[in-house]
Novice: 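What follows is a structure written as structure tokens; I'll ask about it next.
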Amino acid sequence: MKISCIGLVAWSLASASGLQAQTFTVTPNDTMWVVVPPSGISIFDIYQENITSAAIDFVWSPVFSDIPAGWDYSMCDLGHCYIGLPATGAMDPVQPGEQGFLGLNLNPQNISGSGMVQLLVNDVNDPNNGQVLTWIFESQATIGINEASPFANVSVYPNPAEEAMTVSGFFDVRPEHLTAIDAMGRRIALAANMGGKTITVDLTSLAAGHYVLEMSQGDQLLRRPFIKR
């Protein structure tokens, strides 16, 4: 099965004092949220469109990577494919009116999990002006989560959320750690009111944006993407 989710990064070069300076916009946004089928390779592409009158050499490097153990993954860009996630990459030159792309290829191999990958992409001639692209993903194995897991029946709502979020469906145990991961991969401790089989998570300390809620109990780990308004 092949799934292609496309974001469009439009790049333009403006001229000032005879030198070219890079500017860009992201359409529809720089973050891709995807549910990955449990088996088979799924391909998630973000395209970079050259809308200038000169060729652009795009380079990229990982900012953050958290892919579940046991998953098969690789990256492709214009002209190259790489096993795993290399420390850096460089596309073939993108001609005016044409597109480059960055593609994250995932195969969960029927292993439940979730994670996030972030790449910084920029014009090689303007390394200080780039765009961080984010893939947030999850997959559910066809056999389901182990029934003994404290997260087997967990639900997270509402999503998007404003001041608080509810996490329900726990067994008698509670998560040992409850953390938000922001779009830059930083972990932010969250306050929570734990009672019964429901937890109320205080989100007032978070700025508006995209996050991943991370919960752990022993060797069990669960992540759920959410939006803070």
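What you see is a predicted model, and the numbers here were worked out from it, not measured in a lab.
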Novice: Working to the nearest 0.5 Å, report the span between CG of Leu85 and CD1 of Ile67.
Specialist: 6.0 Å
Novice: Which distance, rounded to the nearest 0.5 Å, do you find between the CD1 of Ile46 and the OG1 of Thr31?
Specialist: 8.0 Å
Novice: Might you work through the side-chain contact (heavy atoms from CB on, under 4.5 Å) test for Tyr82 and Asp77, ending with a clear yes or no?
Specialist: CA-CA 9 Å; Tyr82 312 82; Asp77 62 25; 2.9 Å; yes
Novice: Please round to the nearest 0.5 Å and tell me the distance separating atom CD1 of Ile188 and atom CG of Leu178.
Specialist: 12.5 Å
Novice: Do the non-hydrogen side-chain atoms of Met75 and Leu119 ever get within less than 4.5 Å of each other?
Specialist: yes
Novice: In this structure, is the centre-to-centre distance between the rings of Tyr211 and Trp33 below 6.0 Å?
Specialist: no
Novice: Would you mind telling me which of Val36, Val34, Val117 makes a side chain to side chain contact (heavy atoms under 4.5 Å, CB included) with Leu104?
Specialist: Val117
Novice: Are any non-hydrogen side-chain atoms of Val201 and Val167 less than 4.5 angstrom apart?
Specialist: yes
Novice: Do Ile83 and Ser74 make a side-chain contact, defined as non-hydrogen atoms from C-beta onward lying under 4.5 Å apart?
Specialist: no
Novice: To check you understand the geometry: which heavy-atom pair defines the closest contact between Pro62 and Pro86, and what is its length?
Specialist: CG-O, 3.1 Å
Novice: Can you check side-chain contact (heavy atoms from CB on, under 4.5 Å) on Val63 and Thr134, steps first, answer last?
Specialist: CA-CA 9 Å; Val63 175; Thr134 302; over 6 Å; no
Novice: If I compare all heavy atoms of Ser139 with all of Pro38, which pair ends up nearest, and what's the gap?
Specialist: OG-CA, 3.5 Å
Novice: For the residue pair Ile136 and Phe226, establish whether any side-chain heavy-atom pair is separated by less than 4.5 Å.
Specialist: no
Novice: Starting from the C-alpha separation in whole Å, work towards a yes-or-no answer on side-chain contact (heavy atoms from CB on, under 4.5 Å) for Ser42 and Phe137.
Specialist: CA-CA 11 Å; Ser42 298; Phe137 45 85; over 6 Å; no
Novice: If you take all heavy atoms of Gly40 and Pro108, which pair is closest and at what distance?
Specialist: O-CD, 4.3 Å
Novice: With a 3.5 Å distance limit and no angle check, can you tell me whether Lys228 reaches the backbone of Ala207 through a side-chain donor-acceptor pair?
Specialist: no
Novice: Which value, rounded to the nearest 0.5 Å, describes the distance between Trp71 atom CH2 and Ser112 atom OG?
Specialist: 8.5 Å
Novice: Classify the side-chain pair Gln95/Asn50 by whether it contains a donor and acceptor separated by less than 3.5 Å.
Specialist: no
Novice: Name the residue from Met165, Arg229, Glu163 that meets the side chain to side chain contact (heavy atoms under 4.5 Å, CB included) definition with Leu203.
Specialist: Met165
Novice: Side chains of Leu133 and Met32, heavy atoms from C-beta outward: is any pair under 4.5 Å?
Specialist: no
Novice: Check Leu102 against Trp135 and note the closest heavy-atom contact, atom names and distance.
Specialist: O-CZ2, 3.8 Å
Novice: Give the minimum heavy-atom separation between Gln48 and Met91, together with the two atoms involved.
Specialist: OE1-CE, 2.9 Å
Novice: Using the rule given for side-chain contact (heavy atoms from CB on, under 4.5 Å), can you reason through Val156 versus Leu213, listing the C-alpha separation, both sets of side-chain angles and the distance that settles it, and then say yes or no?
Specialist: CA-CA 9 Å; Val156 178; Leu213 182 67; 4.2 Å; yes
Novice: Just by distance, do the side chain of Gln109 and the backbone of Gly70 share a donor-acceptor pair under 3.5 Å?
Specialist: yes
Novice: Can you find a heavy atom in the side chain of Phe58 that is under 4.5 Å from one in the side chain of Pro93?
Specialist: no
Novice: Looking at CG of Leu106 and CD1 of Ile41, how far apart are the two atoms once the value is rounded to the nearest 0.5 Å?
Specialist: 10.0 Å
Novice: Ion pair present between Arg187 and Glu214, side-chain N to carboxylate O less than 4.0 angstrom?
Specialist: yes
Novice: Closest heavy-atom contact between Ala90 and Val59?
Specialist: CB-CG1, 4.0 Å
Novice: Working to the nearest 0.5 Å, report the span between CG of Asn122 and CG of Asp57.
Specialist: 11.0 Å
